[in-house]
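Every chain is numbered from 1 and lettered A, B, ... according to where its sequence line falls, protein lines coming before strand lines. These numbers were taken from a predicted model, which means no experiment stands behind them.
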Protein chains: 2
Amino acid sequence: MKDPSGRLTSLTDVARRAGVSVATASRVLSASTYPVAEKTRRRVLKAADALDFAPNLIARGLVAQRTYLVGMLVSDLVDEHAAALARGVEEAAAENGFAVLVMSTDGDPEKEIDAVRRLRSMRVDAVIFSYSTVADRDQQDRLTAQLRHVEAAGGALVRLAPHPRVGPDASISTRQGFALAVEHLVGLGHRRIALLQGPANAGLSQVGVYAMRRVLEGHRLSLADRFIIPTDGTLAGGRSAAPALLKGRAPATAVVAMSDTLAIGVLKGLADAGARVPRDISVVGFDDVPAAAYTTPGLTTVHVPLRELGSAGMQVAIWLLGGGARRGRNNLPVELVVRESTDKAPKARPGPRG
Amino acid sequence: MKDPSGRLTSLTDVARRAGVSVATASRVLSASTYPVAEKTRRRVLKAADALDFAPNLIARGLVAQRTYLVGMLVSDLVDEHAAALARGVEEAAAENGFAVLVMSTDGDPEKEIDAVRRLRSMRVDAVIFSYSTVADRDQQDRLTAQLRHVEAAGGALVRLAPHPRVGPDASISTRQGFALAVEHLVGLGHRRIALLQGPANAGLSQVGVYAMRRVLEGHRLSLADRFIIPTDGTLAGGRSAAPALLKGRAPATAVVAMSDTLAIGVLKGLADAGARVPRDISVVGFDDVPAAAYTTPGLTTVHVPLRELGSAGMQVAIWLLGGGARRGRNNLPVELVVRESTDKAPKARPGPRG
DNA sequence: ATGAAAGCGCTAACAT
DNA sequence: ATGTTAGCGCTTTCAT
């Protein structure tokens with residue numbers, strides 16, 4: 001509501017209507033623990049209610065040096081992985097009176113730096129990262145500089161994936177996820193297992209290759225270079241990676257993708273090429289996004305509690321803002337969901353067209 | 001950076017370092033058009049740069065009564081439809097110095113009302129809606145009350161879909177989308193066309209049924225009640241709607257879903273039931289989300305420029321904030337994308353299992 | 001238990 | 001062209 005002068009109802013209006021000072025009104029309407037007589041409190045509440053007063057969080061933020069705003073950086077909101085994480089953050093944020101500013105970086109370090117700068121200007125209480133983009137030295141330094149500023153302002157930084165020289169605050173074990181996938185595949189008789197890798201500039205990609213290699217070694221298997229297929233991490237990238245899987249004298253009999261997005265793409269690419277899944281080649285995804293249960297065949301994948309991960313990240317932020325100490329990595333459990341995209345390894349060398 | 005007293009660098013620090021008053025510093029660092037000598041300007045810029053000064057947008061917002069914050073309300077960020085819209089909004093927002101607060105309502109009117117209230121407290125410059133939830137009279141009134149408050153504060157309201165008693169500011173023609181779908185289907189010989197409806201409490205659902213009915217009438221066809229299949233709008237909802245499509249003596253030979261999410265779900269449900277698409281039944285989606293090209297068979301669908309729609313919404317908000325008048329509905333074009341989920345209508349009555 | 005007053009960091013009159 | 005000053009709406013000492 002506007003009063004005649006064009007201003008919105010403010011605490012002053014509430015105070016006047018209740019016949020108390022702004023200080024008193026503030027004490028009852030803010031989270032203050034300061035004592036106020038029950039009778040007075042009720043009068044203020046009644047006035048606020050009558051006016052449908054909504055405190056100006058901008059003004060409150062200015063004095064309290066706390067905005068109840070958090071920034072969430074994702075590479076692309078349209079990717080279900082990012083969306084689920086963001087949703088989790090948003091959920092926990094809403095429950096605790098925070099609002100979330102979502103920014104997409106498109107995997108571009110410059111956009112990421114700029115986003116953090118804007119968040120800093122906004123004086124967000126925390127910034128939550130999923131994967132960060134691996135950048136050159138100079139960009140890295142500039143990003144770090146921005147991050148130091150948000151920390152200097154008392155802001156919390158939380159990472160949901162490994163970052164350059166910094167471990168995640170809440171995450172999952174990629175290694176364990178791959179272990180589950182590989183164990184399943186090896187049990188099915190697969191020995192030539194390929195890896196669909198995400199974009200080279202995404203932090204996860206390198207970590208993933210390393211983890212996969214170790215897991216395969218645990219089964220006395222190795223990860224041949226030709227079985228590491230680089231992609232840009234998109235559906236299209238997964239799709240166009242299919243031919244590489246099928247070529248050669250001894251092609252892969254199974255592939256594990258670093259994300260469901262990639263897996264869904266490769267499923268389509270494999271179908272394009274006339275290869276049958278899982279008869280000719282088995283496919284395992286990673287994340288278990290909702291769509292994974294709706295592909296044909298249904299995608300066997302490593303379930304990652306993305307939404308919970310997002311919520312956990314927001315909880316860590318709150319903990320940190322409350323003066324809590326960083327507690328190191330908090331891993332949420334992953335599990336394998338077996339659907340129809342995996343089966344026994346083909347006996348002989350399968351021709352891609354059966 | 002913190003100075004020894006624990007404060008962040010402020011305009012005062014920049015001014016001091018440049019040897020000018022805060023007013024002058026403000027004039028060069030804000031978007032002010034006020035004249036400042038070139039020499040002075042450079043000094044200020046240099047000082048700001050040396051300090052890596054980032055203006056406190058919270059303070060600026062308090063005095064300017066403009067926060068450069070916009071709220072975006074979606075039902076569920078994880079749904080690709082919502083995500084694409086949000087991404088578009090975010091894109092246009094970033095280009096214009098705005099930041100986006102995303103809030104999911106889960107189709108719950110109470111959450112929606114609460115979200116608007118929080119956005120109002122945040123003093124957002126605009127709130128952008130996708131579909132709103134149809135609520136009972138009381139909830140509707142309360143939502144409207146909150147919205148009036150944001151308007152009273154000079155905030156812009158923009159709708160990307162029809163709302164109760166209010167047309168959208170930027171949208172697409174659902175009717176035209178259905179017309180494209182039906183024309184395609186009729187051309188293929190289909191006469192018994194079903195409609196997969198979204199959740200009853202989503203504004204679109206009713207509009208959609210009406211539009212579909214009119215379109216079918218244009219082809220001298222009618223929309224039998226048994227061919228209007230209500231769902232909750234999710235993948236699972238689409239999946240479980242499949243049996244209803246297959247039952248009866250004269251089952252539908254084609255179905256058009258009100259969203260790709262539903263279409264992808266029904267594709268899976270149809271496969272579960274042993275029906276072959278498009279041989280037994282044709283499926284047409286709506287939206288053309290990225291995943292639509294990756295189903296098996298590829299989904300024929302009505303392409304909706306969701307991201308552009310989101311950007312358009314943000315542009316409208318900016319226009320409105322600049323004092324522009326509401327211009328009425330701005331429809332973006334839709335087009336049919338034919339992939340593999342549609343084909344000629346089966347001649348005789350097809351048994352669901354071939 | 002309540003009120004008066006200072007001030008968060010900035011912009012916008014209003015001087016000069 | 002530059003500086004001084006008065007707030008924006010709120011919280012928080014510091015009185016009382």
Exercise for review: Please confirm whether the backbone N or O of A/Asp108 pairs with a side-chain atom of A/Asp106, one donor and one acceptor, at under 3.5 Å?
Suggested key: no
Practice item. Apply the test salt bridge (charged side-chain N to carboxylate O under 4.0 Å, His left out) to residues A/Asp169 and A/Arg326: give CA-CA distance (whole Å), side-chain angles for both, the deciding distance (0.1 Å), then the verdict. Key: CA-CA 8 Å; A/Asp169 300 283; A/Arg326 204 171 287 273; 2.7 Å; yes
**Study point:** Gap between atoms CG and P, on A/Asn56 and C/dG9 respectively (whole Å)
**Key:** 17 Å
Review point. Going through the distances and angles, do B/Thr24 and B/Arg27 end up as a side-chain contact (heavy atoms from CB on, under 4.5 Å)?
Key: CA-CA 5 Å; B/Thr24 302; B/Arg27 297 200 259 254; 4.1 Å; yes
**Study point:** Where at least one partner belongs to residues 92-122 of chain B, residue pairs that pass ring pair (Phe, Tyr, Trp, His ring centres under 6.0 Å), sequence neighbours excluded
**Key:** B/Tyr68-B/Phe98
Review point. Which distance, rounded to the nearest 0.5 Å, do you find between the CD1 of B/Ile318 and the CG of B/Asn96?
Key: 3.5 Å
Point to revise | Terminal axis angle for the helix from C/dA1-D/dT16 to C/dT16-D/dA1, five pairs an end, nearest 10 degrees | key: 40°
Review point. Just checking, is any N or O donor in the side chain of B/Arg60 or B/Ser30 under 3.5 Å from an acceptor N or O on the other one?
Key: no
Point to revise | Rounded distance in Å - CZ (B/Arg60) to C1' (C/dC10) | key: 8 Å
Review point. With respect to the phosphate group of C/dG9, does any side-chain polar atom (N or O) of B/Ser10 fall under 4.0 Å of OP1 or OP2?
Key: no
Study note, to complete from the structure: Closest to the 5' end of DNA chain D, once B/Leu62 and B/Arg41 are matched to their nearest nucleotides, is B/Arg41
Review point. Which residue lies toward the 5' end of DNA chain D, B/Val22 or B/Val63, if each is placed at its nearest nucleotide?
Key: B/Val22
**Study point:** A/Phe53: ring pair (Phe, Tyr, Trp, His ring centres under 6.0 Å) partners, not counting sequence neighbours
**Key:** none
Revision key, fill the gap. Residues in residues 23-33 of chain A with a heavy atom under 4.0 Å of DNA chain C, by number, are A/Ala23, A/Thr24, A/Arg27
Exercise for review: Test B/Leu85 against B/Arg307 for side-chain contact (heavy atoms from CB on, under 4.5 Å), laying out the working first.
Suggested key: CA-CA 5 Å; B/Leu85 242 25; B/Arg307 194 148 157 176; over 6 Å; no
Review point. Do B/Tyr34 side-chain and C/dT11 base share a donor-acceptor contact under 3.5 Å?
Key: no
Exercise for review: Verify, without hydrogens or angle tests, whether A/Thr133 (side chain) and A/Pro109 (backbone) share a donor-acceptor contact under 3.5 angstrom.
Suggested key: no
Review point. What integer distance in Å separates B/Leu11:CG from C/dA12:P?
Key: 12 Å
Review point. Between A/Leu69 and B/Met122, is a side-chain contact (heavy atoms from CB on, under 4.5 Å) present by the stated rule, with each step listed?
Key: CA-CA 9 Å; A/Leu69 242 32; B/Met122 218 74 238; 3.6 Å; yes
**Study point:** Covered region of DNA chain D, 5' end to 3' end, by chain B [heavy atoms, under 4.0 Å]
**Key:** D/dA1 to D/dG9
Review point. Restricting to pairs with a member in residues 44-56 of chain B, which pass salt bridge (Lys or Arg N to Asp or Glu O under 4.0 Å), not counting sequence neighbours?
Key: A/Arg117-B/Asp52, A/Arg120-B/Asp52
